[in-house]
Novice: 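Have a look at this one before I ask anything.
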Amino acid sequence: MRHMAQALELTVGERTVRLSNPDRVYFPERGFTKLDLARYYIAVGEGITRALFDRPTTLERYPEGVTGESFFQKRAPRHLPEWIPTGRISFPSGRHADEICPNETAAVVWAANLGCLTFHPWPVRRGDTEHPDELRIDLDPQPGTGYGDAVRAAGELRPLLEELGLTGWPKTSGGRGIHVFVPIEPEWTFPQVRRAAIAIARELERRAPERITTSWWKEERGEKIFVDYNQTARDRTIASAYSVRPRPGAPVSAPLRWEEVEEARPEDFDLATMPVRFAEVGDVHADMAERPCRLDAALELAARDEREHGLGDLPYPPDHPKAEGEPTRVQPSRARKPGTPGSPGGAGR
């Protein structure tokens, strides 16, 4: 590493990555700088590149640090080095974009120099962007609930996944929630993977209706864990393992072994502590992609829900085109009652 005017050059593997303004403070509460961020990603490089490898990735950028303005960058930044590959993905609108695929630690550090704190990879590889190879389950605590409730939900999710022939790999979200990734064979489309996620969520809700919900409308969720099935919709991404999250303490999304989930706490894993853990135990999700699962049983559960209980699709996010068979996106409190003007069956039709 040699000093430059207002910059450093970092040797990362076989690459040299320029780091401008290395002393810029990114996390004032902890005093962490851009250089600290870069060193963090070097320390966990093997883990985060495993999580991002060949995946088109959206960059969540904070050029001035967590207290400044931020934005999501989907398209590859200008002046992208020729050694960083891209993957072309299609949005629900039909438009497409070439997104960065950080396949080596140097690419992660290059993005960190742009102020990227969090990496949001698609659940596909750039060689086949129409068939996800991960089913991602987001256990999202609602107001009145917390991480402990997400832990309990994860404990109920694990045996359900096993019943369906699926292996889940848990991690902290870096906030109050828990993410569980399931590696799958890339044989199913986005709608099919989402259908499987809905079936899993519904079965989890049936087993613990007082604590778990699939209600898309916030007003109906109550103090429960929301299983956010729409994280499997096209163009929805989840922060990668090892990503730093834009919160004051510089927490990170930490991969866990199942036996660690109950005792772990989100605050245990941050920009300072994760490199220590990584040096001691390595990437505990290192083997994830080597054990892909099949969705047949989950999709049969979805078919049975529809056949026996009349349970079809659930609403997509508001920016998605209307899907065939999708229910109304009007939140219940705003839906007009039958017989009123403008409502189904009313005088306005």
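These numbers come from the heavy atoms of this one structure, side chains and all, not from hydrogens, waters or symmetry mates. Note that the structure is a prediction, hence the values are computed from the model and not measured.
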Novice: Which value, rounded to the nearest 0.5 Å, describes the distance between Arg39 atom CZ and Leu271 atom CG?
Specialist: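 Going from CZ on Arg39 over to CG on Leu271, the span is 11.5 Å.
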Novice: Among Val151, Leu204, Leu139, Thr213, which residue meets the side-chain contact (heavy atoms from CB on, under 4.5 Å) test with Ile225?
Specialist: Leu139
Novice: Drop me the distance from Glu156's CD to Ile212's CD1, to the nearest 0.5 angstrom.
Specialist: 4.5 Å
Novice: Quick one: side chains of residues 253-265, donor-acceptor pairs under 3.5 Å with protein atoms, not counting sequence neighbours, listed by atom name and distance.
Specialist:
from   : atom 1 : to     : atom 2 : distance (Å)
Ser253 : OG     : Lys171 : NZ     : 2.7
Ser253 : OG     : Thr172 : O      : 2.6
Trp258 : NE1    : Gly168 : O      : 2.7
Glu260 : OE1    : Arg257 : N      : 2.8
Glu260 : OE1    : Arg277 : NH2    : 3.0
Glu260 : OE2    : Arg277 : NH1    : 2.9
Glu260 : OE2    : Arg277 : NH2    : 3.4
Arg265 : NH1    : Glu262 : O      : 3.0

Novice: Can you hop from Ile198 to Ile137 via hydrophobic side chains spaced under 4.5 Å?
Specialist: no
Novice: Just by modelled atom types, is the Asn103 backbone N or O under 3.5 Å from a matching donor or acceptor in the Thr49 side chain?
Specialist: no
Novice: When you measure from the side chain of Arg291 to the backbone N and O of Pro183, does any donor-acceptor pair fall under 3.5 Å?
Specialist: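 The answer is no, because no donor-acceptor pair under 3.5 Å joins these two groups.
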Novice: Is a side-chain N or O of Lys224 found less than 3.5 angstrom from the main chain of Pro209, in a donor-acceptor match?
Specialist: yes
Novice: Is the count of non-hydrogen atoms from other residues, nucleotides or ligands lying under 6.0 Å from Arg95 atom CZ greater than 12?
Specialist: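 Incorrect, the count does not exceed 12.
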Novice: Could you check whether the rings of Trp169 and His285 sit parallel, tilted or perpendicular, using 30° and 60° as the cut-offs?
Specialist: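 Rings of Trp169 and His285: perpendicular, as their planes differ by over 60°.
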Novice: Validate the cation-pi geometry between Arg61 and Phe71: distance from NZ or CZ to the six-membered ring centre under 6.0 Å, angle to the ring axis within 45°.
Specialist: no
Novice: When you compare the side chain of Pro56 with that of Cys101, does any pair of heavy atoms fall below 4.5 Å?
Specialist: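 SC-SC contact between Cys101 and Pro56 confirmed.
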Novice: Between Arg236 and Asp319, is there a salt bridge with N-O shorter than 4.0 Å?
Specialist: yes
Novice: Determine whether a donor-acceptor pair (N or O, by modelled atom type, separation under 3.5 Å) exists between the side chain of Asp54 and the backbone of Arg125.
Specialist: no
Novice: Are any of the side-chain nitrogens in Arg247 or Glu267 under 4.0 Å away from the carboxylate oxygens of its partner?
Specialist: no
Novice: Could you please spell out the steps behind the salt bridge (charged side-chain N to carboxylate O under 4.0 Å, His left out) verdict for Lys74 and Asp235?
Specialist: CA-CA 10 Å; Lys74 295 184 177 182; Asp235 195 27; 3.1 Å; yes
Novice: Assess the residue pair Tyr40 and Phe32 against the criterion (side-chain contact (heavy atoms from CB on, under 4.5 Å)); give the C-alpha distance rounded to whole Å, side-chain angles, the decisive distance to 0.1 Å, and a yes or no.
Specialist: CA-CA 10 Å; Tyr40 165 78; Phe32 294 138; over 6 Å; no
Novice: Tell me whether Leu135 shares a hydrophobic cluster with Tyr316, the cluster being built from Ile, Leu, Val, Met, Phe, Trp, Tyr side chains joined at under 4.5 Å.
Specialist: no
Novice: Starting from the C-alpha separation in whole Å, work towards a yes-or-no answer on salt bridge (charged side-chain N to carboxylate O under 4.0 Å, His left out) for Arg206 and Asp305.
Specialist: CA-CA 12 Å; Arg206 277 192 288 266; Asp305 275 347; 3.1 Å; yes
Novice: Sub-3.5 Å donor-acceptor pair from the side chain of Arg30 to the main-chain atoms of Gly249, do we have one?
Specialist: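 Answer holds: yes.
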Novice: I need the Leu8 CG to Leu10 CG distance, nearest 0.5 Å.
Specialist: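 If we round to the nearest 0.5 Å, Leu8:CG and Leu10:CG are 6.0 Å apart.
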Novice: Any donor-acceptor pair under 3.5 Å linking the side-chain atoms of His131 with those of Glu187?
Specialist: no
Novice: What do the steps show when you test Arg126 against Asp98 for salt bridge (charged side-chain N to carboxylate O under 4.0 Å, His left out), and what is the final call?
Specialist: CA-CA 10 Å; Arg126 66 191 184 105; Asp98 295 316; over 6 Å; no
Novice: Between Asp313 and Arg195, does any NZ, NE, NH1 or NH2 come within less than 4.0 Å of an OD or OE carboxylate oxygen?
Specialist: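 Answer for the salt bridge query: no.
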Novice: Find out if a path of hydrophobic residues (ILVMFWY) with successive side-chain heavy-atom gaps under 4.5 Å connects Ile184 to Val227.
Specialist: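 Yes; Val227 is reachable from Ile184 via cluster members.
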Novice: Taking NZ, NE, NH1 and NH2 as the nitrogens, is one of them in Arg24 or Asp36 under 4.0 Å from a carboxylate oxygen of the other?
Specialist: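 Here Arg24 does not pair with Asp36 in a salt bridge, since their nearest N and O are not under 4.0 Å apart.
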Novice: Check for a donor-acceptor pair, side chain of Ser215 on one end and backbone N or O of Trp217 on the other, with a separation under 3.5 Å.
Specialist: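 Absent.
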Novice: Any donor and acceptor pair, going by atom type alone, linking the side chain of His320 with main-chain N or O of Arg234 inside 3.5 Å?
Specialist: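 It does hold such a pair.
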Novice: Salt-bridged, Arg304 to Glu203, with N to O below 4.0 Å?
Specialist: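 No, Arg304 and Glu203 are not salt-bridged.
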Novice: side-chain hydrogen bond (donor to acceptor under 3.5 Å, both in side chains) for Glu60 and Tyr62? Distances and angles first, verdict last.
Specialist: CA-CA 7 Å; Glu60 186 176 358; Tyr62 287 76; 3.2 Å; yes
Novice: For a quick check under 3.5 Å, do Lys34 and Asn21 share a side-chain donor-acceptor pair by atom type?
Specialist: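 Judged by distance alone, the side chains do not pair up.
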Novice: Going hydrophobic residue to hydrophobic residue with side-chain gaps under 4.5 angstrom, can you get from Val108 over to Leu80?
Specialist: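 Yes, same cluster.
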Novice: Would a line drawn from the ring center of Phe72 to the ring center of His120 be shorter than 6.0 Å?
Specialist: yes
Novice: Going by atom types only, do Gln142 and Arg221 share a side-chain donor-acceptor pair under 3.5 Å?
Specialist: yes
Novice: Does a side-chain N-to-carboxylate-O contact under 4.0 Å join Glu205 and Arg211?
Specialist: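 No.
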Novice: In terms of heavy-atom contacts, does CD of Glu14 have more than 12 from other residues, nucleotides or ligands at under 6.0 Å?
Specialist: no
Novice: Say whether, by atom type as modelled, one donor and one acceptor occur between the side chain of Arg202 and the main chain of Ala302 under 3.5 angstrom.
Specialist: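 Between the backbone of Ala302 and the side chain of Arg202 there is no qualifying donor-acceptor contact (under 3.5 Å).
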Novice: Please report the closest heavy-atom contact between Gln192 and Trp188, naming both atoms and the distance.
Specialist: OE1-CA, 3.3 Å
Novice: Determine, step by step, whether Trp110 and Ile100 satisfy the side-chain contact (heavy atoms from CB on, under 4.5 Å) criterion, reporting the C-alpha distance in whole Å, the side-chain angles of both residues, the deciding distance to 0.1 Å, and the verdict.
Specialist: CA-CA 11 Å; Trp110 181 86; Ile100 178 177; 4.2 Å; yes
Novice: Got a list of side-chain donor-acceptor pairs under 3.5 Å for residues 157-166, not counting sequence neighbours?
Specialist:
from   : atom 1 : to     : atom 2 : distance (Å)
Glu163 : OE1    : Arg207 : NH2    : 2.7
Glu163 : OE2    : Arg207 : NH1    : 3.1

Novice: Could you tell me whether the side chains of Arg194 and Asn230 share a donor-acceptor contact shorter than 3.5 Å?
Specialist: yes
Novice: Say whether, by atom type as modelled, one donor and one acceptor occur between the side chain of Ser243 and the main chain of Ala239 under 3.5 angstrom.
Specialist: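 No; zero donor-acceptor contacts below 3.5 Å.
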Novice: Supply the atom-to-atom distance Phe27 CZ to Leu37 CG, rounded to the nearest 0.5 angstrom.
Specialist: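 Here the interatomic distance stands at 6.5 Å.
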Novice: Determine, step by step, whether Tyr242 and Val252 satisfy the side-chain contact (heavy atoms from CB on, under 4.5 Å) criterion, reporting the C-alpha distance in whole Å, the side-chain angles of both residues, the deciding distance to 0.1 Å, and the verdict.
Specialist: CA-CA 6 Å; Tyr242 301 103; Val252 306; 6.0 Å; no
Novice: Could you check whether Phe269 and Phe278 have their ring centres less than 6.0 Å apart?
Specialist: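 Ring centroids of Phe278 and Phe269 are no less than 6.0 Å from each other.
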Novice: Measure the CD1-CD distance between Ile238 and Glu134 for me, rounded to the nearest 0.5 Å.
Specialist: 9.0 Å
Novice: Begin from the C-alpha positions of Val12 and Tyr41 and carry the test side-chain contact (heavy atoms from CB on, under 4.5 Å) through to its verdict.
Specialist: CA-CA 10 Å; Val12 187; Tyr41 279 127; over 6 Å; no
Novice: Would you check if there is a donor-acceptor pair between the side chains of Tyr229 and Asp138 at a distance under 3.5 Å?
Specialist: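 No, no side-chain donor-acceptor pair sits under 3.5 Å.
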Novice: Could you state the interatomic distance from OG (Ser240) to CD1 (Ile48), rounded to the nearest 0.5 Å?
Specialist: 4.0 Å
Novice: Does Glu46 CD have over 12 foreign heavy atoms under 6.0 Å away?
Specialist: no
